[in-house]
Amino acid sequence: MNARGDTVIARLQDVSNRVHEITSHGVRQGAATAIAVVQTMSGSDYRQFKPVFPQDVEEREEFAELIDDLSVVASAIAEDVSINAVIGNVFADE
């Protein structure tokens with residue numbers, strides 16, 4: 001995990017920071033892949049895409065249902081995102 005710190009205790013305390021960093025990088029990679037898939041399918045340019053998340057309770061429930069409905073597509077995208085590449089990209093920044 002390549003935790004940072006001069007002592008074992010410091011490195012152990014840094015583990016959660018590294019896990020958070022790797023996870024957020026993976027989420028960004030997955031989201032970017034999903035947007036690229038939609039752009040390719042629609043022919044629209046989503047580079048200036050501004051996401052909107054519903055605030056109303058009913059709209060948020062419908063949004064959550066849509067996410068559940070798209071789980072098959074999400075699983076396919078997740079399989080296409082290389083976990084090793086995500087981890088490698090995080091460590092390449094050092």
Side-chain angles (χ1 to χ4, degrees):
M1 177 148 318
N2 202 17
R4 300 176 191 118
D6 295 333
T7 66
V8 172
I9 292 172
R11 282 187 227 117
L12 287 172
Q13 290 173 336
D14 191 50
V15 168
S16 68
N17 294 334
R18 300 300 284 164
V19 168
H20 184 270
E21 185 177 354
I22 292 167
T23 303
S24 68
H25 187 82
V27 168
R28 285 192 304 274
Q29 183 72 29
T33 303
I35 293 167
V37 167
V38 172
Q39 178 170 317
T40 301
M41 292 175 66
S42 71
S44 298
D45 186 357
Y46 291 112
R47 286 180 180 90
Q48 301 301 317
F49 186 64
K50 302 278 189 223
V52 177
F53 298 98
Q55 299 301 314
D56 179 62
V57 173
E58 187 174 312
E59 289 175 349
R60 287 191 68 74
E61 288 173 1
E62 290 173 11
F63 189 72
E65 275 185 41
L66 179 59
I67 291 169
D68 287 342
D69 291 346
L70 294 172
S71 64
V72 171
V73 176
S75 294
I77 289 169
E79 288 189 22
D80 189 61
V81 174
S82 167
I83 293 172
N84 290 333
V86 169
I87 293 169
N89 285 340
V90 170
F91 291 131
D93 293 341
E94 294 182 47

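Values below: every heavy atom of this structure, side chains too, minus hydrogens, waters and symmetry copies. On a predicted model such as this, the values are computed, not experimentally measured, just so you know.
Atom CG of L66 has more than 12 heavy atoms from other residues, nucleotides or ligands within 6.0 Å.
If you chain together hydrophobic residues whose side chains sit under 4.5 Å apart, V15 and I9 never meet in one group. The hydrophobic clustering, which links ILVMFWY residues whose side-chain heavy atoms are closer than 4.5 Å, places V73 and V37 together. Linking ILVMFWY residues whenever their side-chain heavy atoms come closer than 4.5 Å, directly or via other members, leaves V38 and I67 in distinct clusters.
Within the structure, side chain to side chain donor-acceptor pair (under 3.5 Å) pairs that include any residue of residues 52-71 do not occur (at least two apart or interchain).
With sequence neighbours excluded, no residue forms a side-chain contact (heavy atoms from CB on, under 4.5 Å) with S75.
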